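Everything below concerns the one structure shown next.
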Amino acid sequence: MANPKNVTIIGSGPAGYTAAIYSARANLNPTLISGLQPGGQLTITTDVENYPGYENPIQGPWLMEQMKKQSELVGTEILNTEVIKVDFKNSIKKVYLDDGNIIETKTVIISTGAQARWLGLENEKKFQGHGLSACATCDGFFFKNKKVAVIGGGNSAAEEALFLTKFASEVFLIHRRDQLRAEKILQDRLKNNPKIKFIWNTEVSKFIGDQELKSIELFHKDKNENSELDLDGVFIAIGHVPATKLFHGQVDMDSEGYIITKPDSTETSLIGVYAAGDVKDKVYRQAITAAGMGCMAALEVEKYLS
């Protein structure tokens, strides 16, 4: 290819679209590859109440559609295809698409996001956004004075449970073992919170309800018996999986597969390759922080290319 592209953005959540908007406005003519789930995790989030600039709750899919339209309006080329392989060895990077095309590009912004780990139970998808969530900071507000459960035993489960006590009347923490993996300080806070009740040695075996989740079936491993628990909401907190498999062996990652970037930067271990959003952020995981990092990546790309 005689003229490699200035910047190719892989992934289309808030980070990818924001990177596209900023790089398009810098006349870099970005190409964005939307991937399997255009819009990312927000497309399975119904009411969004914490994205600045909107007085009333907005719908996650609508917000992503608006970002997409804005990025196209300022000149982003969007390809509704998937990346199957990348080669970042040389100064001109290669991105291989599932339609057989190969993009050659001077820079790449990785914004492929992360997915919450789910239990893999039947009808789990059906209740996502209808009583079942993987993000307390996103959805906790909707469970004021309601009865909820958190499934998990690590730091994120402990933090979600504590956060939910601000809204819910009762929070059950369900863990498959007889003790938590969470840090001692978090465990102490859980034990000292009157709203939190522990259910040990127990796994969730079924989600029950019609349109909305109404209850869960529990299997108590120590007693070898089942029971049913009526609830208004369930939060799964068994970790996240960054969508970084494509980039293994290309850029530096931590032990969990999150891309490592330089301090106060989105630059990866490779010059010309940047990472923004949940692929590199396991702390905040919010639409607004992902969008902020998309902006940072585009500004860094512009500076690098000039």
Side-chain angles (χ1 to χ4, degrees), residues 11 13-15 35-37 39-51 57 59-61 63-64 111-143 146-168 171-176 180-182 186 196 199 202-209 212-216 218 229 231-244 256-258 277-290:
L36 265 182
Q37 192 184 354
Q41 291 185 85
L42 269 188
T43 56
I44 57 163
T45 305
T46 46
D47 287 357
V48 177
E49 290 205 357
N50 54 8
Y51 199 85
Q59 298 294 302
L63 179 61
M64 289 300 91
S111 56
T112 44
Q115 288 88 36
R117 264 199 193 96
W118 296 91
L119 295 173
L121 294 177
E122 191 191 347
N123 71 16
E124 197 168 41
K125 273 201 165 67
K126 173 186 164 181
F127 292 118
Q128 284 173 19
H130 299 279
L132 188 60
S133 171
C135 179
T137 46
C138 315
D139 300 326
F141 178 78
F142 303 112
F143 294 90
K146 302 263 174 90
K147 202 161 85 167
V148 301
V150 175
I151 299 165
N155 282 351
S156 57
E159 284 161 3
E160 301 259 288
L162 289 164
F163 180 81
L164 287 164
T165 60
K166 294 179 188 177
F167 309 102
V171 180
F172 293 91
L173 187 56
I174 301 166
H175 189 39
R176 57 190 176 155
L180 302 175
R181 298 187 315 279
L186 289 173
I196 290 174
I199 301 177
T202 298
E203 290 177 355
V204 176
S205 48
K206 199 174 181 185
F207 295 114
I208 302 160
E212 298 286 323
L213 182 69
K214 294 279 180 249
S215 64
I216 55 176
L218 300 172
L229 179 63
L231 291 164
D232 300 296
V234 175
F235 291 82
I236 313 270
I238 54 173
H240 281 73
V241 187
T244 54
E256 294 170 74
Y258 287 89
D278 288 11
V279 282
K280 61 143 284 176
D281 169 28
K282 52 181 167 183
V283 179
Y284 303 106
R285 294 198 192 100
Q286 299 298 305
I288 188 71
T289 49

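Remember, predicted model here, so these are calculated numbers, not experimental data.
- Taking the side chain as every heavy atom from C-beta outward, Ile236 and Arg117 never approach each other to under 4.5 Å.
- Counting heavy atoms from C-beta outward, Glu49 and Phe142 have side chains that approach closer than 4.5 Å.
- Minimum heavy-atom separation, Ala136 to Phe163: O-CE2, 3.2 Å.
- Judged by distance alone, with hydrogens and angles left aside, the side-chain atoms of Asp232 form no donor-acceptor pair with the main-chain N or O of Val148 at under 3.5 Å.
- Taking both residues in full, the closest heavy atoms of Leu180 and Gly152 are given as CD2-O, 4.3 Å, listed atom of the first, atom of the second, then distance.
- Checked by atom type and distance alone, the side chain of Thr244 pairs as donor or acceptor with a backbone atom of Gly257 at under 3.5 Å.
- Considering CZ of Phe235 and OG1 of Thr137, their distance stands at 9.5 Å, rounded to 0.5 Å.
- Counting non-hydrogen atoms of other residues, nucleotides and ligands closer than 6.0 Å to NZ of Lys206 gives a total of 12 or fewer.
- With rounding to the nearest 0.5 Å, the separation of CG in Leu132 from CD in Glu212 is 11.0 Å.
- Counting only heavy atoms from C-beta outward, the side chains of Pro14 and Met64 approach each other to under 4.5 Å.
- Two residues are said to be in side-chain contact when any heavy atoms from C-beta on lie closer than 4.5 Å; Asn50 and Phe141 fail this criterion.
- No side-chain heavy atom of Ile208 sits under 4.5 Å from any side-chain heavy atom of Lys214.
- Across all their heavy atoms, Leu42 and Ala287 have their closest contact at CD1-CB, 3.8 Å.
- With values rounded to the nearest 0.5 angstrom, His175 atom NE2 is found 11.5 Å from Ile238 atom CD1.
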Evaluate side chain to side chain contact (heavy atoms under 4.5 Å, CB included) for Phe172 paired with Lys147, printing each intermediate quantity in order. CA-CA 8 Å; Phe172 293 91; Lys147 202 161 85 167; 3.7 Å; yes
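- Across every non-hydrogen atom of Ser111 and Ala15, the tightest pair is CB-CB, 3.9 Å.
- Residues Ile174 and Val234 have side chains not in contact (no heavy-atom distance under 4.5 Å, counting atoms from C-beta outward).
- Scanning all heavy atoms of the two residues, the minimum distance from Asp278 to Ala114 falls at CB-N, 3.7 Å.
- For the pair Val204/Leu218, a side-chain contact is recorded, criterion being any heavy-atom separation below 4.5 Å from C-beta on.
- Atom CG of residue Leu231 and atom CD1 of residue Ile216 lie 5.0 Å apart, to the nearest 0.5 angstrom.
- For the atom pair CD1 (Ile196) and CG (Leu162), the distance works out to 4.5 Å, reported to the nearest 0.5 Å.
- Residues Ala161 and Leu173 approach most closely at CB-CD1, 4.4 Å, considering heavy atoms.
- In this structure the side chain of Phe207 reaches within 4.5 angstrom of the side chain of Leu119, judged on heavy atoms.
- Atom CG of Leu229 and atom OG1 of Thr202 lie 10.0 Å apart (nearest 0.5 Å).
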